[in-house]
Amino acid sequence: MAGQEKGAVGERYKWVALSNTTLGVLIATIDSSIVIISLPAIFRGIGLDPLAPGNIGYLLWMILGYLLISAVLVVSLGRIGDMFGRVRMYNMGFAIFACASLALSLDPLKGGGGALWLIGFRIVQAVGGSMLTANSAAILTDAFPARQRGMALGINQITALAGQFLGLLAGGLLATIDWRAVFWVSVPIGVVGTIWSYRSLRETGSRKPGRIDWAGNITFTGGAGALLAAITYGIQPYGGYPTGWTNPWVLGGLGAGVLLLAVFCFAETRIAEPMFRLGLFRIRAFAAGNLAALLTAIARGGLQFMLIIWLQGIWLPLHGYDFERTPLWAGVFMLPLTVGFLVAGPVSGYLSDRFGARLFSTSGLILVAAAFVGLLALPVDFSYPQFAALLLLSGLGQGMFSAPNTSAIMGSVPPEQRGVASGMRSTFQNSGTALSIGLSFSLMISGLAGSLPHALSSGLQGQGVPAGTAGEVAALPPVSTLFATFLGNNPISHLLAPSGVLRTLPGHNVSTLTGTRFFPELVSGPFHHGLVTVFSVATAMALVAALASVLRGRHHKAAPGRADGPGSSGDPGKGQPEWRKAPSS
């Protein structure tokens, strides 16, 4: 079993496994966010205006398609890895990822066809990325003894989280060279990683042969897909409302998603070999760790997108940056967040092997909540050193949480179920990120809808824009204005372009309207109102996640001479891992 397998693994192999899987999750997570900052260059390259009526769906699916597929497939792929070999699935994922990256960089089409090509191959790329992330933690858990597992998973997990933010910077830098470079960069890394993994990785963990759970796969994929797709379209305006939550298709998608997931949960309790091991939730460390990971992912995703809009739409223009330059600089100014991840993750993972996950993960989440409170206290036009310090604090807190939490989750389950456990963990994390986008954008749009129209109308009229035109612009859904800043476009130029009114105004009025101060000063009040709502919800989620982390149970060191320790949530009286006692299905 596990002890024999690990005993047969050489000292060198575990570091090879760590290096390769860290490269795999790094490139997979970088590509999950690399398009966000580079979207303006990508859409210019294919000749498509994503903010034109009917085109905003292309924009949303370019951002969310990768995340949606990642959230839906990782459990299935982790279960298949348990059955047929985690290394085999991981290697195949690297090859699929490399091929999809090449296809993305060779997009031969323009307009809507070019956008559909990119969305389609982004989905294929996400399948490969999901195969990497679903099996990497299980490969490491197999390769490392319990006394070093927290350190190894910490490096792997923090690299994955840091990749989401490094993708923002990489996308901004590469887009200044050529939009195709955003996708080209993944090709050589994918090829090298594929060859390296096929030549160096080998199966060292327990395999559990079985049959594919078709009922579970179909109901989970359909339910999660319908739910996340409905949330995606809920961001778009509908029927005169700023968001689409009254759209019958959105409501139908939400209802169908919930129903299918309910059927999935029922079916999984009746199937001999289910894809989703509901019995694992009887393990306290597993259940509490995944709940904390879900809530933290929702809070983190909201933080990422709100910071981008805050920087690109308000702070950077107020400090003299042209709107076209703000995507790149937003990535640069958010680097303290990534630094915090990279510093705290490996250190907390190493220390949690000795002192337990609960102390570090709970303390980290409290720091995350404190950082949110600090951001709430900042004025819209903040002092950057204070802002950077709060980002660093948030990064440190998330690093302290993520590595020990992942180690505790993976160490708490039976060895033969580590693939499906890794997939379940990734599902909660990826679903949280996708949910956060729908939640945070909806909260922000709702906040803007109450005050932005009046601010826009009065501000435009003050610069000579006719009342009728100002009223039409003010009546436009706030999502259009929000995405204009998100894409690095000059919002006022974008909003007034259809009317042609800028050609009729005096030069000094045009200069004021299209300058770097008019729009930020106009929307700073409404934006701050929305920001308070989003960050208040994120603070509450971080605190609830901290409570879940406290309830995970005590830490117990591995028994002497045992390669596979009890994990981080054993029975204080027995000194055994909970998976020794919990049913496996």
Side-chain angles (χ1 to χ4, degrees), residues 40 51 56 235 237 241-243 305-327 329-330 333 375-376 378-384 387 440-535:
L51 298 178
I56 199 166
I235 300 172
Y241 294 95
T243 58
F305 280 92
M306 291 306 104
L307 289 181
I308 291 171
I309 293 172
W310 192 353
L311 288 169
Q312 292 185 198
I314 297 179
W315 193 82
L316 286 168
L318 282 177
H319 289 258
Y321 292 83
D322 294 333
F323 283 98
E324 291 74 15
R325 297 169 56 209
T326 58
W329 285 102
F333 280 106
L375 290 169
L376 282 170
L378 286 182
V380 174
D381 188 11
F382 50 78
S383 167
Y384 182 72
F387 182 76
S440 58
F441 271 116
S442 295
L443 290 173
M444 176 59 73
I445 290 166
S446 299
L448 290 176
S451 50
L452 182 60
H454 174 72
L456 266 178
S457 179
S458 59
L460 292 174
Q461 290 183 61
Q463 292 297 320
V465 176
T469 302
E472 291 175 3
V473 169
L476 292 173
V479 67
S480 181
T481 305
L482 207 59
F483 278 131
T485 63
F486 188 72
L487 291 174
N489 293 339
N490 188 311
I492 298 300
S493 296
H494 167 74
L495 292 171
L496 293 178
S499 68
V501 72
L502 288 175
R503 294 192 296 270
T504 67
L505 295 177
H508 68 278
N509 291 116
V510 174
S511 177
T512 299
L513 286 168
T514 59
T516 59
R517 299 197 66 85
F518 178 78
F519 178 79
E521 291 174 348
L522 192 69
V523 302
S524 59
F527 174 81
H528 190 261
H529 175 71
L531 196 70
V532 167
T533 303
V534 173
F535 282 177

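Keep in mind it's a predicted model, so treat the numbers as computed, not measured. Counting from 1, the numbers follow the sequence of the chain as shown.
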Original post:
With sequence neighbours excluded, what pairs up with P506 under the side-chain contact (heavy atoms from CB on, under 4.5 Å) test?
Top reply: H508, N509
Subject >> side-chain contact (heavy atoms from CB on, under 4.5 Å) partners of H529, counting only residues at least two apart >> reply: none
Original post:
If you measure from CG on L531 to CE on M444, what distance do you get to the nearest 0.5 Å?
Top reply: 5.0 Å
**OP:** Please identify each residue that fulfils side-chain hydrogen bond (donor to acceptor under 3.5 Å, both in side chains) with T516, with sequence neighbours left out.
**Re:** none
Subject >> Over all atoms of both residues, closest heavy-atom pair of A470 and S457 >> reply: CB-O, 3.9 Å
**OP:** List the steps and the verdict of side chain to side chain contact (heavy atoms under 4.5 Å, CB included) for I309 and F527.
**Re:** CA-CA 10 Å; I309 293 172; F527 174 81; 3.7 Å; yes
**OP:** Nearest 0.5 Å please: distance from the CD atom of Q463 over to the CD1 atom of I492.
**Re:** 10.0 Å
**OP:** May I ask you to test the V465-L513 pair for a side-chain heavy-atom distance under 4.5 Å?
**Re:** yes
Would you tabulate the side-chain donor-acceptor contacts of residues 518-525 under 3.5 Å, counting partners in other chains and residues two or more places apart, or write 'none'?
unit_1, atom_1, unit_2, atom_2, d
E521, OE2, R517, NE, 3.0
E521, OE2, R517, NH2, 3.0
S524, OG, E521, O, 3.3

**OP:** Report the distance from atom CG of L502 to atom OG of S511, rounding to the nearest 0.5 Å.
**Re:** 11.5 Å
Subject >> Closest heavy-atom pair and its distance - P453, A474 >> reply: O-CB, 3.2 Å
**OP:** Write down the atom of V501, the atom of L496, and the distance for their closest heavy-atom approach.
**Re:** CG1-CD2, 3.9 Å
Original post:
A330: what forms a side-chain contact (heavy atoms from CB on, under 4.5 Å) with it, not counting sequence neighbours?
Top reply: L311, Q312, L316
Subject >> Spacing of CZ belonging to F382 relative to CH2 belonging to W310, to within rounding of 0.5 Å >> reply: 5.5 Å
**OP:** Taking the side chain as every heavy atom from C-beta outward, state whether I314 and D381 have any pair of such atoms under 4.5 Å apart.
**Re:** no
**OP:** State, to 0.1 Å, how close G515 and F323 come at their nearest heavy-atom pair, and which atoms those are.
**Re:** O-CE1, 3.9 Å
Original post:
Hey, what do you get for OG1 (T469) to CG (L460), rounding to the nearest 0.5 Å?
Top reply: 9.5 Å
Subject >> Selection residues 470-482 - residue pairs positive for salt bridge (charged side-chain N to carboxylate O under 4.0 Å, His left out), sequence neighbours left out >> reply: none
Original post:
Looking at CH2 of W329 and NE2 of H319, how far apart are the two atoms once the value is rounded to the nearest 0.5 Å?
Top reply: 14.0 Å
Subject >> Output field: ring centroids W315/F387 closer than 6.0 Å >> reply: no
